[in-house]
Amino acid sequence: MKLRTSLAMTGAMTALAVVLPHAGFAQDAEAAAPTFDEIGPYLMTTLLFLVGGFLVFWMAAGFAMLEAGLVRSKNVTTQLTKNIALFSIAGIMYWLVGFNLMYPAEWLMEGYMGPFFSITSLEPVGLAAADASLDYASVASDFFFQLMFCATTASIVSGTLAERIKLWPFLIFVVVLTGFIYPIEASWQWGGGWLSEAGFYDFAGSTLVHAAGGFAALAGAIVLGPRIGKYAKDGKVIPMPGSNLALATLGTFILWLGWFGFNGGSQLAAGTVGDITDVGRIFANTNMAASAGAVAALILTQVLYKKVDLTMVLNGALAGLVSITASPLEPTLFGALWIGAVGGIIVVFAVPALDRMKIDDVVGAIPVHLLAGFWGTIVVPVYAPDTSFGTQLLGFVAIGAFTFVVSLVVWFILKALGGIRVSEEAEMTGLDMSELGMEAYPEFSKG
């Protein structure tokens, strides 16, 4: 302790001797340094992106657990592999082309390299305040946050096509989806494109992320076809229960948690009292919509089937979340409640409707993300007066048509080149052994 005190006194005396002759220079430097009022919004918005980004990253675990729980045990390892692989591919493709394809203005700042090849670059190490764009946030934090939305879009596709798609063709599709399809359609709105100019409103991605993922999944499901034995010749739907509803429930709660970053971070600003208060409002509305979606599905399945269906309740919560995502700021808490409740009701009716059309969606992603995404997008003008029902419909149709058609073409190309579906024998055995040669639950296998 005495040594520390002695060193501190010596240091203070030395500093005083150095500073006093140059007091004028110190005052000049102090005058030139930006104040907290100037750098505060930059710091807080950057922090919002980082916190929101890692919350949305945690949604990747939610999708993995949800899908692992809703597929049969013989396919669990494959679903887990697909989820970690698709997220990793998204991370690389969004850096390689996606970010600067989605935000064309970045080409002017970072150097134009062509519409399909513009690699993301970050700020230099130790960036000085004088060299930063203090009116927004760091490029690194923005890239990190936006990447999570890109990866989420791919996660939606994974669950729908489970239990019968080959691993590598699926991952090739993820390359196209995360590198090109998602960045292009998202640029129409979030990149200041033509939909933004037209007045389309999608705060956090009911259409740009969720419905787009649902359209890509729908295209894949049509080309791929249903699982063997899912639909009998007489039209009867054969139930194929998931392996672990505990995992599915855990996945839903993880997604629910991550959604606070998904919607809250989409405020894109945290530097004022108004901004940070709005983030709190978004959190509250997001939670209300999820709660209402779950309760609506809970009650409706009891009424329709005389028993509560847990999988419907889980998807009801997720549908409530998707429904509020297009406009989580403007509604009142009661508004969030009824918007989310309608989302939960949509799921309960849409899941059997898809089965009647023989569209096999293993986890219910199309009702949750596409149909609830449509509902959330269309209902926006009720509370957000700066858009219209016609404009919202235009945006949904444009993004849906683009994503569906391009995805359909890619799926057909992959099917023609080498096939996208495993053999009948492999499907009956399970993709874990046929595709990977390992099982998630080896102690419960034969014998």
Side-chain angles (χ1 to χ4, degrees), residues 48 52 55-56 149 152 186 188-190 192-212 214 255-256 258-270 272-297 316-347 350 367-400:
L48 176 69
L55 280 172
V56 183
F149 287 68
T152 297
W188 296 349
Q189 175 67 17
W190 291 338
W194 69 275
L195 279 179
S196 176
E197 293 293 327
F200 181 66
Y201 189 95
D202 191 356
F203 190 92
S206 284
T207 292
L208 274 70
V209 176
H210 296 283
L255 288 168
W256 193 327
W259 230 286
F260 296 122
F262 199 96
N263 287 355
S266 294
Q267 174 70 10
L268 304 182
T272 67
V273 171
D275 284 329
I276 205 66
T277 303
D278 284 351
V279 172
R281 182 184 178 94
I282 290 167
F283 273 41
N285 280 339
T286 298
N287 190 70
M288 178 61 79
S291 303
V295 171
L318 297 177
L321 289 162
V322 172
S323 299
I324 201 63
T325 293
S327 180
L329 174 61
E330 291 81 8
T332 62
L333 281 172
F334 177 73
L337 183 146
W338 69 264
I339 290 172
V342 173
I345 292 169
I346 287 172
V347 163
V368 168
H369 298 278
L370 197 164
L371 298 180
F374 171 75
W375 159 245
T377 301
I378 291 300
V379 78
V380 164
V382 173
Y383 290 99
D386 293 335
T387 187
S388 67
F389 294 108
T391 303
Q392 293 301 102
L393 182 61
L394 170 67
F396 183 87
V397 170
I399 290 171

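Sorted by first then second residue, the side chain to side chain donor-acceptor pair (under 3.5 Å) pairs that include residues 282-291, not counting sequence neighbours, are Trp256-Asn287, Asn263-Thr286.
Side chains of Trp190 and Phe149 form a contact here, defined as non-hydrogen atoms less than 4.5 Å apart. Side-chain contact between Trp259 and Ile324: absent, with no pair of heavy atoms (C-beta onward) separated by less than 4.5 Å. Annotation: side chain of Val322 is not in contact with side chain of Leu318 (no heavy-atom distance under 4.5 Å). With a 4.5 Å cut-off on side-chain heavy atoms, Val382 and Trp338 count as touching. Leu321 places none of its side-chain heavy atoms less than 4.5 Å from the side chain of Phe262. Using a 4.5 Å heavy-atom threshold, the side chains of Tyr383 and Thr332 count as touching.
If you run side-chain hydrogen bond (donor to acceptor under 3.5 Å, both in side chains) between Gln392 and each of Thr377, Thr387, Thr207, only Thr387 comes through. With respect to Phe396, the ring-ring contact (aromatic ring centres under 6.0 Å, His included) criterion is satisfied by exactly one of Phe374, Tyr201, Phe389: Phe374.
To the nearest 0.5 angstrom, Leu268 atom CG is 9.5 Å from Asp275 atom CG. One finds the CD1 atom of Ile399 at 7.0 Å from the CG atom of Asp202 (value rounded to the nearest 0.5 Å). Asp278 contributes atom CG, which lies 4.5 Å from atom CD of Gln267 (distance to the nearest 0.5 angstrom). The OG atom of Ser323 sits 10.0 Å away from the CG atom of Leu371 when rounded to the nearest 0.5 Å. Of the inter-residue distances, the one linking Leu393 atom CG with Phe200 atom CZ reads 9.5 Å to the nearest 0.5 angstrom.
Side-chain atoms of Arg281 never come within 3.5 Å of backbone atoms of Pro328 as a donor-acceptor pair (strictly under, hydrogens ignored).
Residues passing the ring pair (Phe, Tyr, Trp, His ring centres under 6.0 Å) test with His369 are His210, sequence neighbours excluded.
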